[in-house]
Participant: 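Dropping a structure here in structure tokens format, bear with me for questions.
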There are 2 protein chains.
Amino acid sequence: MYIDRMSTSERLIESTRELLWERGYVGTSPKAILERAGAGQGSMYHHFKGKPDLALAAIRRTADEMRATAEGVLGGPGTPYERIAAYLRRERDVLRGCPVGRLTMDPDVIASDELRAPVDETLDWLRERLAGLFEEGQEQGQFAPHLDGEEIAAAIVATVQGGYVLARASGSPAAFDTGVRGLLALLAPPSTRGD
Amino acid sequence: MYIDRMSTSERLIESTRELLWERGYVGTSPKAILERAGAGQGSMYHHFKGKPDLALAAIRRTADEMRATAEGVLGGPGTPYERIAAYLRRERDVLRGCPVGRLTMDPDVIASDELRAPVDETLDWLRERLAGLFEEGQEQGQFAPHLDGEEIAAAIVATVQGGYVLARASGSPAAFDTGVRGLLALLAPPSTRGD
DNA sequence: GTCTATATAATGATAGAC
DNA sequence: GTCTATCATTATATAGAC
């Protein structure tokens, strides 16, 4: 939004964010970034040391945004189950994939500890946040006490990340929703049946 | 194995399979394929129309192999729950990711119906296979009757695919296993507790 | 069937003018 | 700060000798 009113440096970061989401790190060239940002070579190498440096700024911002979005739902109103369900059902651009998770399939991102760090930290934060919320629900008797919060949290995040894979493979968001419904059915307290 | 004893065409396909797994389609250049296969430009363009044609042969073979591996476990001995658990727990090169699923994050693969087809068909087959197996377990009273086989199957496949994402983000296979344990705990018939 | 040349465009970066 | 050269390398493919 209003990308034309941003500073050159901002336009470079925003253009990089879009391209990383669409094409990943390996598939994104400086040239494509510059074209989208409406900037020349000089600007990019003035503000950033190179492609990895610019990508790091873009990834950090995307990761921060994803965390804020998740917290918006997970920290919202409702019981723990309701908030987990709201997180799983929240509207997503499913066919575009997860702008953070998709980076884990990028060989150059995984090869760089610096580029991987924000991805790791974000998914790790998400798992811990969900684990805490699940344990809260357990204390309230909403979930079976024999379940492990960290395990359930990992299963939840994995279902979301894998849901993107299924959706993109089939070319339709349906598979994502189907998997989410399956997980929610397994998680649902008996009292919420037919929810 | 014995890649040096294969025909040139075979070596090209096998080298492409390895590189697609390691670096994806966008990150794999004909040059890298040729170097790994020990072949010249001419050989590749003699046997294949170009990069997409060679990649299609490689993807098809990888997809077939993955299906055979999955069927080996899902069609094996044991109750439906045991076979699903065996599938989820089977040994994997977790940090390398899924050679089929990772292709869904490749923009050029998703943009091509031809390249996407084997990926889609394989994951679709897997979901149907798991759904049938789950329903078999339901008939035997192993799983709750209110659960939907297709939904559970999608959640299972998504957990595996997303498990790779978590593992690669953290640089350790642990997160994959944690998610799988979480899902199995949710699926487990009461009689298998402590399994 | 395989090889080496050759071709055109893109990649990722640097130099230096303005 | 931004721009336009310029550069060495790689990507993807064709041509044609052997």
Side-chain angles (χ1 to χ4, degrees), chain A residues 2-59 103 105-116, chain B residues 2-59 103 105-112 114-115:
Chain A
Y2 306 121
I3 201 171
D4 47 309
R5 285 199 220 154
M6 295 174 183
S7 68
T8 300
S9 159
E10 277 298 303
R11 289 202 318 276
L12 286 168
I13 293 177
E14 289 303 313
S15 299
T16 304
R17 295 218 297 149
E18 291 172 14
L19 283 163
L20 285 180
W21 196 357
E22 290 168 23
R23 304 198 39 87
Y25 182 86
V26 167
T28 295
S29 68
K31 190 188 180 193
I33 294 169
L34 296 172
E35 274 171 11
R36 188 169 298 211
Q41 291 270 86
S43 295
M44 169 173 153
Y45 286 99
H46 171 76
H47 293 285
F48 302 95
K49 288 199 282 272
K51 178 181 167 179
D53 189 42
L54 172 51
L56 180 57
I59 292 172
L103 296 171
M105 294 305 144
D106 236 298
D108 292 1
V109 171
I110 294 305
S112 156
D113 283 341
E114 265 209 293
L115 293 179
R116 186 171 58 81
Chain B
Y2 305 122
I3 201 170
D4 47 310
R5 285 198 220 156
M6 295 172 183
S7 68
T8 300
S9 158
E10 278 298 303
R11 289 201 317 275
L12 286 167
I13 293 177
E14 289 303 313
S15 299
T16 303
R17 295 218 296 150
E18 292 173 13
L19 284 164
L20 286 180
W21 196 357
E22 290 167 25
R23 305 197 39 86
Y25 182 85
V26 167
T28 296
S29 69
K31 191 190 179 191
I33 294 170
L34 296 173
E35 274 170 12
R36 188 168 297 213
Q41 291 271 85
S43 294
M44 169 173 153
Y45 287 99
H46 172 75
H47 293 285
F48 302 95
K49 289 199 281 274
K51 179 180 166 179
D53 189 41
L54 173 51
L56 181 58
I59 292 172
L103 296 171
M105 294 305 144
D106 236 299
D108 291 1
V109 170
I110 293 306
S112 155
E114 266 209 294
L115 292 180

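Predicted, not measured: the structure shown is a model, and the values here were computed from it. Computation of the quantities below employed the complete heavy-atom set of this structure, encompassing side-chain atoms and omitting hydrogens, waters and symmetry-equivalent molecules.
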Participant: So do B/Leu103 and B/Ile110 actually touch side chain to side chain, heavy atoms under 4.5 Å?
Facilitator: no
Participant: Can you check the B/Met44 CE to D/dA11 P distance for me, whole Å?
Facilitator: 11 Å
Participant: Rounded to the Å, how far apart are B/Leu19 CG and D/dA11 P?
Facilitator: 11 Å
Participant: Would you indicate whether the side-chain heavy atoms of B/Thr8 and B/Arg11 approach each other to under 4.5 Å?
Facilitator: yes
Participant: Under 4.5 Å between any side-chain heavy atoms of A/Phe48 and A/Leu56, yes or no?
Facilitator: no
Participant: Measure from CZ on B/Arg23 to P on D/dA11 and round the result to the nearest Å.
Facilitator: 9 Å
Participant: Taking the side chain of A/Gln41 as heavy atoms from C-beta outward, which of C/dT11, D/dT4, D/dT12 is closest to it?
Facilitator: D/dT4
Participant: Counting side-chain heavy atoms from CB outward, which of D/dG1, C/dC3, D/dT12 is closest to B/Ala39?
Facilitator: C/dC3
Participant: Of all the nucleotides listed (C/dA13, D/dA11, C/dG12), which has the minimum atom distance to the side chain of A/Pro52?
Facilitator: C/dA13
Participant: Write down the distance between OH (A/Tyr25) and C1' (C/dT11), rounded to a whole number of angstrom.
Facilitator: 12 Å
Participant: Among D/dT2, C/dT2, C/dG12, which is the nearest nucleotide to the side chain of A/Thr8?
Facilitator: D/dT2
Participant: Given side chains that start at C-beta, do those of B/Asp108 and B/Leu115 come closer than 4.5 Å, heavy atoms only?
Facilitator: no
Participant: Give the rounded distance in Å between these two atoms: CG of A/Leu12 and C1' of D/dG1.
Facilitator: 12 Å
Participant: Indicate whether OP1 or OP2 belonging to D/dG1 is found under 4.0 Å from a side-chain N or O atom of A/Ser43.
Facilitator: no
Participant: Starting at CE of A/Met44, measure out to CG of A/Asp53 and round the result to the nearest 0.5 Å.
Facilitator: 9.0 Å
Participant: Identify which nucleotide among C/dG12, C/dT2, D/dA11 has an atom closest to any side-chain atom of A/Tyr45, counting heavy atoms from C-beta outward.
Facilitator: C/dG12
Participant: Separation of A/Ile33 atom CD1 from C/dA13 atom P, in whole Å?
Facilitator: 10 Å
Participant: Measuring from the side chain of A/His46 (C-beta onward, heavy atoms only), which nucleotide among D/dG1, C/dT2, C/dG12 has the closest atom?
Facilitator: D/dG1
Participant: By nearest heavy atom, map A/Gly42 and A/Ala32 onto DNA chain C; which one lands nearer the 5' end?
Facilitator: A/Ala32
Participant: For B/Leu34 and C/dT4, what is the distance between atoms CG and P respectively, to the nearest whole Å?
Facilitator: 11 Å
Participant: Which nucleotide in the set D/dG1, D/dT14, C/dG1 lies at the smallest distance from any side-chain heavy atom of B/His47?
Facilitator: C/dG1
Participant: Between atom CZ in A/Phe48 and atom P in D/dG1, what is the gap in whole Å?
Facilitator: 12 Å
Participant: Using only side-chain N and O atoms of A/Lys51, determine if any of them is under 4.0 Å from OP1 or OP2 of C/dG12.
Facilitator: yes
